[in-house]
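Each remark here refers to the structure printed beneath this line.
Chain letters run A, B, ... following the sequence lines, proteins first and then strands; every chain starts at 1.
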Amino acid sequence: MKVAPALPLADALWTSNDRALELMRVVATAREAPVGQTPKGLVWRKNKARLYRYRRATPATRRTPIFLCLPLINRAYILDLRPGNSFVEFLLDAGHDVFILDWGVWGPEDRKATITDLVMRYLPRAIRRASEDAGEKVTLLGYCIGGVLATCFAALHPDAPVRNLILFTTPIDFADAGQFGMWTAKGSFPIHRIRDTLDVVPGELIDVGAKMLNPIGSTMGTYLQLYERLGDAGFDPRGWQAMYRWVNEGTPFPSAAYHQWITEFYQENKLSKGKLQMDGRPVRLAAITLPFLSVAALSDTIAPRPTTSKTLSKVGSRDKSEILLEGGHVGIVVGRTARAELWPRVTEWLKRHD
Amino acid sequence: MTKQKAKKQEAETMPPPDPFEMWRKFYDANETAWTKAAQETTSSEAFAEMQGRMLETFLAFQKGARDAMNTQLATLNLPSRDDVARLGELILGLEEKIDQLDDRIAPLSGKRKPSASSARPKAAPRRKRRS
């Protein structure tokens, strides 16, 4: 007499579906995916922050080096994800010298670090050192929160050695900040208690918030997409692994900086209203006169379109333009289409402003 | 009887069900509706309030656990995480003071030495002509 398997589905899983096993292997080993492989050297350091200069095989053919200012809650390797899918590599190939400011991983001793500290005590020194190292003024390029830091810096330091300002998916006007704006609204969000209880806001907590923006797509959808692509003969899972690693490797946010971020930017919208002050000095967007480029995404849920749409009209630059792309917050910058749709347009703009 | 036999044979020769394929079909059929429902739920003020209350609970638990741990460590005469963090803060304060001094001294001492990565790549050795 034949005995039916106790768990027919499990039996099928292990015996008939190699793709499922491959999916599990790819996910389980994603944390070791090689990332940020472009060679670089250390130029400057402060606390956990490190300023690196990427090594060029040949001398730069463009005059203006690029200074990349990343968000302080994500790993800096997002712009140098892997060979063939690296914005840094693209900039180097276009003839630029490239610097990157990696904020590192914040610890409990950084609980009192604020956004003001980053703008007034870290960025000025890092940018000056990059400029001294290259012997030229730099193009300051900020991504997401890094873009907010770059904006505040440019508004407060008109004499800094900066030639151009570029923002990638950077929220500036928080009057309608979408779901994040609603979740962090005054009254319901315990921001003061967060500051008083936590030294640093764990990366996992911020990650949960980001995933809640699209709870179905960012959970089940992620694995389903991988499952489907594993069926393509030419699919290289290492690219997927590198992005998966980045998404799940968030860094903690110092609680004082988080408090300032939520109250002064999200809740009170001080930057856009011209009421933000740092070290007693007003941060005025109209004071930015550098040649300016804003890159925004139409389907961005982290920096929704209303947070980016007024930026151009608020900055004081005469030479200002915007690249508006269909896509999401990360997708337009480092997704599969970025190399064709965004990066060449940015290097073209840089060529005109070299 | 023959029909039943044929059906049985067919069932035996069919590949076993693929759970991932079933999952994919199930997801494809429901994804739009689920996403819409999730978006509607998470975009409501009620959700924001509920999330705030959950955070409050999490923070109260964190505070309780931390206070309890600090008390135990103090009883054992051992430094707590807060003590170590305070030490770290002192070091960071010193680092900031050194940076401020450096800000003042650097302009007086001329240009800084370029970093190793700024060095121009060495020219490739010339090829020797074959005689």
Non-hydrogen atoms of chain B under 4.5 Å away: do they reach the side chain of [X], the backbone, both or neither?
| X | answer |
| --- | --- |
| L205(A) | side chain |
| R193(A) | both |
| D196(A) | neither |

Can you tell which part of [X] gets under 4.5 Å to a heavy atom of chain A, answering side chain, backbone, both or neither?
| X | answer |
| --- | --- |
| Q51(B) | side chain |
| L59(B) | both |
| R81(B) | side chain |
| D82(B) | both |

So which of G217(A), P108(A), P39(A) has the largest heavy-atom pair count under 4.5 angstrom toward chain B? P108(A)

Of the listed residues (M182(A), E228(A), R125(A)), which shares the most heavy-atom pairs with chain B below a 4.5 Å separation? R125(A)

Hey, does W44(A) have a side-chain heavy atom less than 4.5 Å from the side chain of D133(A)? no

Using the ring of each side chain (for Trp, its six-membered ring), is [X] parallel, tilted or perpendicular to [Y], with breaks at 30° and 60°?
| X | Y | answer |
| --- | --- | --- |
| F153(A) | H157(A) | parallel |
| Y27(B) | W34(B) | perpendicular |
| H192(A) | H259(A) | tilted |

Options [options], ranked by heavy-atom pairs under 4.5 Å with chain A, top entry:
| options | result |
| --- | --- |
| Q100(B), K63(B), E95(B) | E95(B) |
| A60(B), G88(B), A37(B), S43(B) | S43(B) |
| L55(B), T35(B), L92(B) | L92(B) |
| R86(B), M50(B), E96(B), Q62(B) | E96(B) |

Does [X] come within less than 4.0 Å of [Y], counting only side-chain N to carboxylate O?
| X | Y | result |
| --- | --- | --- |
| D103(B) | R128(A) | yes |
| D102(B) | K46(A) | no |
| D279(A) | R121(A) | yes |
| E56(B) | R53(B) | no |

Trace of the salt bridge (Lys or Arg N to Asp or Glu O under 4.0 Å) decision for K48(A) with E109(A): CA-CA 11 Å; K48(A) 282 94 182 168; E109(A) 63 280 9; 2.4 Å; yes

